[in-house]
Every structure is written in C-alpha cells, then in structure tokens.
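Written out below as structure tokens is the structure these notes cover.
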Amino acid sequence: MSDQPHSVTAQLLYFTPPKDGSKPYTNVNADPTTGSRRSNWEPEPHTVEIENLRGKEDSVTLDTAGFLFGRATAAHKAFTNDAAIEAEYYPESIELVKKITGASRAVVFDHTIRRRRPGEFDDSPQKRQPVPAVHVDQTTASSIARVHRHLPPEDAPKLLERRFQIINLWRPISHAAYDWPLALCDFRTVDPQGDLVPTDLLYPDRKGETNSVKFSPNHRWKYLRGMEPDEFVLIKCFDSKSEDGTAILTPHTAFPDPSTPEGSPLRESIELRLLVFYE
Ligand code: OGA
Ligand code: FE
C-alpha cells in the first residue's frame with residue numbers, strides 16, 4: 001500500500017445556472033457528432049483534491065458521508081447480456097444491499113454499463129461512458145416519482161409513509177478501475193439548500209429530474225483508488241430521513257486520475273439503481 005497516493009489533484013466539472021434564469025435541462029443522449037449532451041447550462045471546471053480512502057475504507061458510511069465501500073464477489077461475471085444481468089445479478093445485488101442496510105425490501109429499477117471509449121461520441125444507452133460532471137441522480141420529486149413508477153399502486157402510498165432511499169450499487173467490471181474512477185463528495189460538506197439545482201433530464205419519451213451541483217470550496221472529495229471487480233461502492237442518491245444530520249445524498253462524478261498507471265485498461269463498470277425500503 002506504500003505506493004498508494006494519499007490524495008490526488010484533478011479537475012472536476014461543476015454546474016453553473018443558465019444566465020437567463022430558465023430551468024436547466026440536459027438531454028440524456030449526447031449529440032453523436034460532438035459527444036456533448038445538449039443543455040442550456042455551462043460546465044465550470046474546478047481543480048480539487050481527492051482523498052484516496054484505500055486502507056481507510058471504513059471511514060465513510062451511508063448515513064455519515066452518504067456512501068460506503070465494501071467487498072463482495074459477484075456470482076455473475078459476464079455482464080454482456082441485459083436479460084442475464086437481470087436474472088442473475090439483480091437478485092444477488094438485492095440480497096447484498098438488504099444485508100448491508102438492514103432494509104426490508106429493495107427493488108432494482110435500472111442498470112447502466114459504462115465502458116470508456118476515448119474519441120467516441122456515441123453515448124446511446126448501449127454505449128454509455130463515464131460521466132464527467134458532478135451530479136446527484138435524483139431530486140426529492142423524482143425519487144418519489146420512482147416509487148410510483150416501479151411499485152404496485154396498492155403498495156406505493158404505504159411505502160412512502162416510511163423511510164425509503166435510492167441507492168446505487170457501483171462496481172468495476174473485468175479489471176480494476178484505475179482509469180477514470182468515481183469521486184464522491186462527503187455529504188457533511190454539502191449544503192443541500194445552496195449547492196443543488198434541480199435539472200430536467202430529457203429522455204426521448206419522458207422527462208426525469210436530477211440535481212446539478214454548484215461549486216463550493218467546502219466540498220471534500222474522496223475515492224477508492226484501483227477498485228477491483230470484487231469491490232463495490234454504495235452511493236446514496238436520496239433518503240427520506242432528513243433529520244439528525246443523516247446523509248441524504250452524495251454528489252459524484254468520474255474524473256481523470258493523474259495517478260493512473262500507464263497502460264491501465266479503460267474503465268468498465270456497472271451501476272444498479274435500487275429503491276430501498278424499511279419496515
Ligand atoms: C452513477 C454514476 C458515473 C460513472 O453510478 O450514478 O453517475 O462514471 N456513474 O460511473
Ligand atoms: Fe450518478
């Protein structure tokens with residue numbers, strides 16, 4: 001571990017609001033000729049220090065920082081076929097998340113496989129790449145909408161009366177993710193009122209809502225360098241329990257790590273998104 005950097009310095013892309021005061025939007029699919037996602041807002045680069053938690057994995061938890069690192073080998077390893085992922089990887093992941101969180105019910109509502117392809121601009125659903133922009137996947141409104149969308153109408157009202165969360169289960173595929181790893185912002189350094197801006201996410205057939213993140217010098221960034229396929233990170237995107245300083249979300253982004261060993265294979269990862277309920 002002695003060759004592990006304690007921290008690295010990298011440039012992250014933050015959000016700046018549209019000048020005309022209109023609600024920000026981002027198109028979910030990038031323009032295939034330019035690679036950029038059409039939007040009405042400008043990214044703003046900021047150079048930050050990102051602490052490497054290798055050897056200190058236990059210093060963060062879902063309810064303090066908003067994320068948690070763990071180790072568990074997945075029985076499913078291929079990640080080449082969506083039907084097989086749903087049949088094999090979803091159930092083992094549900095059990096893993098329930099075991100770690102103590103939740104009574106967990107429902108996977110989608111997954112994304114990302115493979116970095118330098119110079120390739122097509123970011124259509126089967127060709128997703130790492131996301132180089134600080135964001136939170138959901139807002140409060142879109143989290144509640146997910147419960148209505150993915151659970152039976154007879155269950156949703158009761159489930160919404162109790163604590164629920166949206167948690168992503170992210171892990172590398174095939175090889176360690178030294179290339180374009182994921183940085184996570186400690187919730188204790190986020191001002192949920194001041195730093196977050198609800199942003200429409202335009203799908204071809206519907207509209208979702210994510211939180212974009214404005215820069216703050218208070219933000220403290222962390223990552224786990226060289227995550228292996230048998231390691232994972234749980235990323236809390238929403239929690240209905242907002243008292244007691246409980247972490248309710250985690251801004252995150254992929255970033256170019258200056259300490260990536262030369263010749264490292266390009267990043268490949270899968271993230272599952274889960275609705276997580278407590279009796
Ligand atoms: C996520 C996410 C980006 C990436 O898992 O929610 O934003 O580059 N991932 O893996
Ligand atoms: Fe995300």
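Both backbone and side-chain heavy atoms feed into the values below; hydrogens, waters and symmetry mates do not. Position 1 is the first residue of the sequence, and the numbers go up from there.
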For the pair [X] (side chain) and [Y] (backbone), establish whether a donor and an acceptor sit closer than 3.5 Å, ignoring hydrogens and angles.
X: Thr250; Y: Gly66; value: yes
X: Arg54; Y: Arg225; value: yes
X: Gln138; Y: Ile166; value: no
X: Ser212; Y: Phe15; value: no
X: Lys236; Y: Leu62; value: yes
X: Asp239; Y: Ile248; value: no

If you round to the nearest 0.5 Å, how far is [atom2] of [Y] from [atom1] of [X]?
X: Ile113; Y: Glu268; atom1: CD1; atom2: CD; answer: 9.0 Å
X: Arg38; Y: Thr26; atom1: CZ; atom2: OG1; answer: 11.5 Å
X: Lys207; Y: Leu202; atom1: NZ; atom2: CG; answer: 7.0 Å
X: His252; Y: Glu271; atom1: NE2; atom2: CD; answer: 7.0 Å
X: Leu274; Y: Ile235; atom1: CG; atom2: CD1; answer: 11.5 Å
X: His111; Y: Glu86; atom1: NE2; atom2: CD; answer: 6.0 Å

What are the two closest heavy atoms between [X] and [Y], and how far apart are they?
X: Glu120; Y: Lys127; result: OE2-NZ, 3.2 Å
X: Pro229; Y: His175; result: CG-N, 3.6 Å
X: Ala133; Y: Thr253; result: N-OG1, 3.1 Å
X: Pro251; Y: Leu249; result: CD-CD1, 3.9 Å
X: Trp41; Y: Thr16; result: CB-O, 3.3 Å
X: Asn40; Y: Ser22; result: ND2-OG, 3.5 Å

Any donor-acceptor pair under 3.5 Å linking the side-chain atoms of [Y] with those of [X]?
X: Thr246; Y: Asp244; value: no
X: Thr260; Y: Trp180; value: no
X: Asp63; Y: Thr61; value: no
X: Arg273; Y: Thr112; value: yes
X: Glu209; Y: Thr139; value: yes
X: Asn168; Y: Asp137; value: yes

Flag the pair [X] and [Y] as a salt bridge only when some basic side-chain nitrogen lies within less than 4.0 angstrom of an acidic carboxylate oxygen.
X: Lys56; Y: Glu51; value: yes
X: Glu42; Y: Lys19; value: no
X: Asp186; Y: Arg220; value: no

Do [X] and [Y] belong to the same hydrophobic cluster, where Ile, Leu, Val, Met, Phe, Trp and Tyr are linked whenever their side-chain heavy atoms lie under 4.5 Å apart, directly or via other members?
X: Val48; Y: Val131; result: no
X: Val134; Y: Tyr223; result: yes
X: Leu224; Y: Leu234; result: no
X: Leu68; Y: Phe187; result: no
X: Val97; Y: Phe109; result: no

- request: Give the C-alpha distance, both sets of side-chain angles, the deciding distance and a yes or no for side-chain contact (heavy atoms from CB on, under 4.5 Å) between Asn218 and Asp195.
  value: CA-CA 10 Å; Asn218 297 330; Asp195 299 346; over 6 Å; no

Under 4.5 Å between any side-chain heavy atoms of [X] and [Y], yes or no?
X: Arg171; Y: Glu231; value: no
X: Leu275; Y: Ser143; value: no
X: Arg114; Y: Gln129; value: no
X: Lys214; Y: Pro17; value: yes
X: Pro45; Y: Thr47; value: no
X: Val190; Y: Val213; value: no
X: Asp257; Y: Tyr178; value: no
X: Phe67; Y: Leu182; value: no

If you draw a 6.0 Å radius around [atom1] in [X], do more than 12 non-hydrogen atoms from other residues or ligands fall strictly inside?
X: Glu262; atom1: CD; value: no
X: Lys77; atom1: NZ; value: yes
X: Gln126; atom1: CD; value: no
X: Asp58; atom1: CG; value: no

- request: With side-chain contact (heavy atoms from CB on, under 4.5 Å) as the test, would you mind laying out the steps for Glu161 and Lys158 before giving the verdict?
  value: CA-CA 5 Å; Glu161 283 171 15; Lys158 272 262 163 295; 3.7 Å; yes

task: Any chance you could lay out the side-chain contact (heavy atoms from CB on, under 4.5 Å) test for Gln165 and Tyr278, step after step, and finish with the verdict?
output: CA-CA 9 Å; Gln165 302 165 327; Tyr278 297 81; 2.6 Å; yes

- prompt: Does the side chain to side chain donor-acceptor pair (under 3.5 Å) test come out yes or no for Thr189 and Trp221, once each step is laid out?
  reply: CA-CA 9 Å; Thr189 68; Trp221 287 94; over 6 Å; no

field: Between Phe164 and Phe238, ring centroids under 6.0 Å
entry: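 When the ring centroids of Phe164 and Phe238 are compared, they turn out to be within the sub-6.0 Å range.
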
query: Between Tyr89 and Phe79, what is the ring plane arrangement, given parallel below 30°, perpendicular above 60°, and tilted in between?
result: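 Perpendicular: the ring planes of Tyr89 and Phe79 meet at over 60°.
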
- request: Would you please name every residue forming a side chain to side chain contact (heavy atoms under 4.5 Å, CB included) with Pro118, sequence neighbours left out?
  value: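 Only Arg116, Leu266 meet the side chain to side chain contact (heavy atoms under 4.5 Å, CB included) criterion with Pro118.
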
message: Quick one, Asn52 with Val8, criterion side-chain contact (heavy atoms from CB on, under 4.5 Å). Give me CA distance, side-chain angles, the key distance, then yes/no.
response: CA-CA 7 Å; Asn52 174 19; Val8 297; 6.0 Å; no

